[in-house]
Each structure stands twice: as structure tokens, then as C-alpha cells.
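Encoded as C-alpha cells, the structure appears first; notes follow it.
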Amino acid sequence: MELLQLKYFLTTARHGNMTRAAKELYISQPALSKMIKSLENELGVTLFDRKGKHIVLNAFGEKFLKRASQALSALEQGVAEITEMSKENVEIISLYVAVGSMLLPWIVRRFRDKYPHIRFNLIQHPGKTGKALTYDFAITSEPLEHNEHVILLEEEIMLGVPRQHHLSSRNEVTLLELQHEKFISLTTGNPLRRTTDRFFADLPFSPDIIFESDDPATVRGLIESGLGISFIPSILWSGLLTEDIKLLPIRGHRCIRTIYLSWPTKEEPTGLELSFLVFIQQLFKELLPIDKLSY
């Protein structure tokens, strides 16, 4: 289906007359009729009914008119936005955020305070399209192949327990003490879940996970309800926590995760990319310098 077919169809529907529509489009009536017929053949239905010298949309035509109008309007809006961007000399940073999505408003606002002409294309849930993910930068908890990276942050993973839980009176725990506890966890495949699963690689048991969610706020709510315990990143999740959850250091294991800023390996970064690289490293230093972590 071609864009020109949609334009010809909408013009014909508006006039209800092939002759007037062809005149507006600066084409012959036979050429317009042929284009409409081609569109109908592609759809497998007729879109117009003839009434004397006029043509009117039938039920199929009315339905298609609504969608065709929306499609053409969206395309025209896209063209207008691109035109406006080119006039404003707008630059775009494509940012893939696999972890720390709660920091996005903070990152975007602070960077645009310094560079107001910059726009962000934010990628959070790329899905399984089979297509290679395209980005300028990525914030992840795992190194990415064919990328360069710097470490933005290393944060301690702690145990979050409800205030009424029997472990809440403790100042610290070990993983071995958690064999019979009920866990709340992020879903399989989540980067944090992969990190915490590795904590048990050398232990004779795996955590007893009774609830899974792909939403950190839901995990928090389930802990607060007293339904179980969970592993909590001590820095990036700190804004989600309430007084109803106590964080306990985990001793005997190095329970941490590393947050990377990665970018595809290429010859030379642009000036904008260098500015963002310096900016975001400085921004994460405000969270907590790496050398001040306790394990």
C-alpha cells in the first residue's frame, strides 16, 4: 500500500466525485479511477458505491477512511516535526536504559538544563523483535559486547525485610541463614534477577521465590505487606523504600552489582557524545563515589 493511494482515496472521499477529485490532484480521471481500483483490489473490498453521478463511501470505505486519515495525519505530523527539528538544529541522544529507570527524569532534566536543544530518544523495553538494538549510550548492569564502557556505580545489594519480620531485629545476615525464607523477586531475565541468582551459585540451595514481578514498586509493596523478603539495590532503589522495610547488609558474600555506561565501539565520538559521557559520570558521582562503598 502506497502513501499516494491514501492521499488519492481521501481526496476522492472528500469530494464524492471522481472528476473534481482528479482536478484537485492534477491527474486524469482514468488515472484516479485506476489508483482507487488498485487500492480496492489490495484490500479485497470495494470502498465506494455509485449513486448517479456521485460516489459515496460504503461501510468498508467509512471504516478505512478513519484509519487512513489517522495514518496520513501522523505522517504529516512527523514531517512537520522533522522540519522543525532541522530549523532548530536539534540534536538527539538515543539512550537505552536497562537498569535505573527511576533516574531517567533526573538525568534528562539535568542534561537539558545545560543543553536545552538536546532531545532524548529513550529505550526501556526493546522487546524481542530480532532487530539489533540501536543506541548512542546504554545504562546496564552487565557489559555489552562490541561496546566500550565506564563504570558509573557499584552498589551494595542488601536484604529488604518487613519491619514485623523476625529478621528485622538483626543488624546483618548471611545467605546461608535464608534457606527457609520466602522470597519476592523480579522476573526471570531481569538483569537484577540474574545478578542475585548468581549469589547462590556456590550454595547448596536456591531461594524459595513465592512471588515474581517485573515492577520494583510491586516488589516493595509485597515486602511491606509482610509476604516475603527481597534483595534490594541500596542506592538506585532507595527512592522506592519506606519505613516499613528494613535493609540488612549481607555478610560472607560480596553482594554488589555494577552499573555500566556503554556505547558502541567506533572511531571517534561526537562532541555531544563526549559532553554526555562527562556529564553522566559526574552525575553518578553525586549518588555515591565507588570508593566509599562498604561490603
Side-chain angles (χ1 to χ4, degrees), residues 97-107 124 139-142 151-261 283-295:
V97 183
V99 296
S101 60
M102 64 284 295
L103 297 179
L104 274 178
W106 182 56
I107 293 171
Q124 294 179 256
I139 300 176
T140 68
S141 59
E142 299 163 319
I151 293 176
L152 292 176
L153 183 72
E154 287 182 332
E155 64 176 335
E156 186 174 4
I157 304 296
M158 305 179 77
L159 187 71
V161 302
R163 282 293 176 181
Q164 67 272 27
H165 195 274
H166 70 92
L167 290 175
S168 64
S169 61
R170 303 280 298 277
N171 293 321
E172 60 183 35
V173 294
T174 67
L175 291 178
L176 285 172
E177 295 176 284
L178 307 179
Q179 182 170 0
H180 302 295
E181 299 296 335
K182 304 299 181 183
F183 276 82
I184 299 161
S185 177
L186 292 172
T187 51
T188 303
N190 180 280
L192 178 58
R193 171 68 178 272
R194 289 195 293 269
T195 296
T196 57
D197 282 350
R198 287 194 289 268
F199 295 166
F200 294 86
D202 299 326
L203 296 180
F205 69 96
S206 297
D208 181 11
I209 298 173
I210 59 171
F211 292 105
E212 289 185 339
S213 174
D214 59 1
D215 178 28
T218 300
V219 172
R220 178 200 64 191
L222 293 172
I223 300 172
E224 291 174 337
S225 298
L227 297 174
I229 62 177
S230 185
F231 292 111
I232 303 292
S234 58
I235 299 173
L236 296 190
W237 281 32
S238 59
L240 293 174
L241 301 181
T242 68
E243 295 181 355
D244 294 324
I245 298 176
K246 181 176 181 179
L247 293 184
L248 300 175
I250 302 169
R251 299 308 178 194
H253 283 75
R254 193 170 183 264
C255 295
I256 65 167
R257 73 168 176 174
T258 303
I259 306 300
Y260 300 91
L261 178 71
L283 204 63
F284 268 76
K285 285 182 181 178
E286 297 178 18
L287 289 175
L288 183 66
I290 293 175
D291 57 4
K292 289 186 178 181
L293 280 172
S294 60
Y295 300 124

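Values in this document were obtained by computation on a predicted structure and should not be read as measured data.
- Across Leu186 and Asp214, no two heavy atoms sit closer than the pair CD2-C, 4.1 Å.
- Proximity of Leu103 to Leu283: side-chain heavy atoms (C-beta onward) are nowhere separated by under 4.5 Å.
- To the nearest 0.5 Å, atoms CD1 (Ile250) and CD (Glu156) are separated by 7.5 Å.
- Note on Arg163 versus Asp244: no salt bridge recorded, every NZ/NE/NH1/NH2 to OD/OE distance being 4.0 Å or above.
- Lys246 and Asn171 make their closest contact through NZ-OD1, 4.4 Å (heavy atoms, listed as atom of the first residue, atom of the second, distance).
- More than 12 heavy atoms of other residues, nucleotides or ligands sit less than 6.0 Å from atom CG of Asp215.
- Across all non-hydrogen atoms, the minimal contact from Thr140 to Ala98 is CG2-CB, 4.1 Å.
- In this structure, the side chains of Leu192 and Trp237 come closer than 4.5 Å at one or more pairs of heavy atoms.
- In this structure, Phe200 CZ and Leu176 CG are separated by 9.5 Å, a value rounded to the nearest 0.5 Å.
- Atom CD of Gln164 has more than 12 heavy atoms from other residues, nucleotides or ligands within 6.0 Å.
- The side-chain heavy atoms of Ile107 and Ile139, taken from C-beta on, include a pair separated by under 4.5 Å.
- Contact between Ile184 and Leu227 at its shortest, heavy atoms only, is CD1-C, 4.1 Å.
- The CG atom of Leu152 lies 11.5 Å from the OG atom of Ser141; values are rounded to the nearest 0.5 Å.
- The shortest distance between side-chain heavy atoms of Leu104 and Gln124 falls below 4.5 Å.
- Interatomic distance, Ile209 CD1 to Thr196 OG1, rounded to the nearest 0.5 Å: 7.0 Å.
- Glu181 has its side chain out of reach of Asp208: every pair of non-hydrogen atoms, C-beta onward, lies at least 4.5 Å apart.
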Please test Val161 against Val173 for side chain to side chain contact (heavy atoms under 4.5 Å, CB included), starting from the C-alpha separation and ending with a verdict.
CA-CA 11 Å; Val161 302; Val173 294; over 6 Å; no

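- Rounded to the nearest 0.5 Å, atoms CZ (Phe183) and CD1 (Ile210) are 10.5 Å apart.
- When all heavy atoms are compared, the tightest approach of Met158 to Pro249 is CE-N, 3.5 Å.
- Side-chain atoms of His253 and Phe199, non-hydrogen and from C-beta on, never get closer than 4.5 Å to each other.
- When all heavy atoms are compared, the tightest approach of Gly160 to Leu247 is CA-CD2, 3.9 Å.
- Looking only at side-chain heavy atoms (C-beta outward), Thr188 and Arg193 come within less than 4.5 Å of each other.
- With values rounded to the nearest 0.5 angstrom, Ile235 atom CD1 is found 4.5 Å from Leu153 atom CG.
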